[in-house]
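Here's the structure we're looking at; comments come further down.
Note on naming: letters A, B, ... go to the chains in the order of the sequence lines (proteins, then strands), and numbering restarts at 1 for each one. In this text the structure is predicted, and so the values were computed from the model without any measurement.
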Protein chains: 2
Amino acid sequence: MASMTPARTSPPTDVPQLGLRERKKIKTRTAIRDATYALIEEQGYDATTIEQIADRAEVSPSTVFRYFPTKEDIVLTDEEDALILEELKARPKDEPWTESVRAIMQKAVRLGHEQQPEITRLRAHLMAQVPAVRARMMESMSVASHMLAEGIAERTGRDVDSLEVRVYTMSVVAGLAEISQYWAENDFQDDLSELLDRALDVLANGLTPENT
Amino acid sequence: MASMTPARTSPPTDVPQLGLRERKKIKTRTAIRDATYALIEEQGYDATTIEQIADRAEVSPSTVFRYFPTKEDIVLTDEEDALILEELKARPKDEPWTESVRAIMQKAVRLGHEQQPEITRLRAHLMAQVPAVRARMMESMSVASHMLAEGIAERTGRDVDSLEVRVYTMSVVAGLAEISQYWAENDFQDDLSELLDRALDVLANGLTPENT
DNA sequence: CCCTATTTTGACAGCTACTCTCATTTCATG
DNA sequence: CATGAAATGAGAGTAGCTGTCAAAATAGGG
């Protein structure tokens, strides 16, 4: 039964000594996501209703909403966000934190590209095309921004809630969001990690004559 | 009849030789907005339904949607955006464009503060409190970002669609959005134009040891 | 002033995301 | 296996939003 599961959403989540209940929950969660991705690729985002998703995932619509607060959230997992902060904290303290950010983001990009390239592209595509998804992504970016602010505040000895830190982190995160959109608009032809480097250069140095 | 109009939303819109039709449209538009602001102050955003708005504005719900595509749009007029680009283009060409941006944004802040301080605050408040409004605001910011990009591209001789310009403008716009949120979260105690200056400094110079 | 063409409006039906409640089923544990 | 807890499904309800169509208001000309 498990062997016929098509196209896993997530890399083989560690399945150690979890109770049957937990394992089922994970299964349901990925079933809903997989159904959603498949339907969206077939029909597009707007044409895909929660009812269809529920049908294909073989659960009730109620259950879909129990697992994901909104339709947009189904395609925007965000389980990485928390990890990113951890990685930031795990970086050597003497490293310039701009470089820490660069390393972490590069790693995130690499992982996305290696482990689930189609989904990474689909997400970028949805983000560029569907306003609601883009909006939801921005929201989660805002959350990410606050976590990034923690890390930066810690490194720079500032208050997390200072205007300066908040403005700076928000601008960084928003700038990075723009990469994804750019990437999708240009049909994924560019190398995402190169775009990331260029974006980070702009964020660090502004629009200098040097960068193209 | 015009003299009993309560609390105009917008500064006395020029009422020259517009036909009766046009004048009524403007009236309806402001009636809807005024009703919305009033109801939101009484009950909060979520508790305010389109039906209530329609009732108070003495129009049908259909009409409300004919004037504003979404509920969020009723509180986010955005008529200023187009003006901003014009002002940018009207600036002396030899002025450093970062200063142009600063001057324009300062002017926008000043106008908002002088002409409709309550509404400016209400908007900032809603932006901070209501995710849907914040999201919609971000969307319109994204549009603003593209217009800003035009201006900057023109000044710097770059392509409007270059990654660098897009990342930069988006980060600026998002950074500026953050000051509104900061302002609202701190109960509007700060001077908005001072916050703006600080934010623009951060955006220009990054998190240097100089700025507090 | 009236007649006609056009625009604006209201009433209504319909769809879908999302919430809440409650009974039923499924798993955990002793 | 029995008991308690958690997950699910079914159903009703709300609200934002879309689309259609007929009625009302306005513009413009005779």
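- When every heavy atom of B:Ala35 is checked against every heavy atom of B:Ile53, the shortest pair comes out as CB-O, 4.0 Å.
- Atom P of nucleotide D:dC17 and atom CZ of B:Phe68 are separated by 13 Å, given to the nearest angstrom.
- The base of C:dT26 lies close enough to the side chain of A:Arg21 for a donor and an acceptor atom to sit less than 3.5 Å apart.
- Judged by the 6.0 Å distance and 45° axis criteria, B:Arg158 is not positioned over the aromatic ring of B:Tyr168.
- Using a 4.5 Å cut-off on side-chain heavy atoms (C-beta onward), A:Leu192 and A:His113 make no contact.
- When distances are taken from the side chain of A:Lys71 to each of D:dA25, C:dT9, C:dA17, the shortest belongs to C:dA17.
- Atom P of nucleotide D:dA25 and atom CD of B:Glu22 are separated by 18 Å, given to the nearest angstrom.
- Contact check, B:Lys24 against C:dT8: no side-chain N or O comes under 4.0 Å of OP1 or OP2.
- Remark: B:Phe188 CZ to B:Asp190 CG distance equals 11.0 Å, nearest 0.5 Å.
- Between B:Leu20 and B:Asp46, the one whose closest nucleotide on DNA chain D sits nearer the 5' end is B:Asp46.
- Between C:dT8 and B:Lys25, a contact under 4.0 Å exists linking OP1 or OP2 to a side-chain N or O.
- Ion pair B:Glu118/B:Arg123 not flagged as a salt bridge, since none of the NZ, NE, NH1 or NH2 atoms sits closer than 4.0 Å to an Asp/Glu carboxylate oxygen.
- Rounded to an integer number of Å, the gap from A:Glu51 CD to C:dC18 P is 14 Å.
- DNA chain C lies under 4.0 Å from at least one heavy atom of each of the following residues of residues 54-67 of chain B: B:Val59, B:Ser60, B:Ser62, B:Thr63, B:Arg66, B:Tyr67.
- Cation-pi check for B:Lys71 over B:Tyr45 is met; the charged atom lies under 6.0 angstrom from the ring centroid and within 45 degrees of its normal.
- Side-chain N/O atoms of B:Arg155 and B:Ser100 include a donor and acceptor closer than 3.5 Å.
- Note: A:Arg102 CZ to A:Asp201 CG = 4.5 Å, rounded to the nearest 0.5 Å.
- Atom CD1 in A:Ile50 sits roughly 17 Å away from atom C1' in D:dG11 (whole-Å rounding).
- Under the 3.5 Å distance criterion, with hydrogens and angles disregarded, no donor-acceptor pair is assigned to the side chains of B:Ser142 and B:Ser145.
- For the contact set between residues 127-143 of chain A and DNA chain D, defined by any heavy atom under 4.0 Å, there are no members.
- Distance A:Ile74 CD1 to C:dC18 C1': 12 Å, rounded to the nearest Å.
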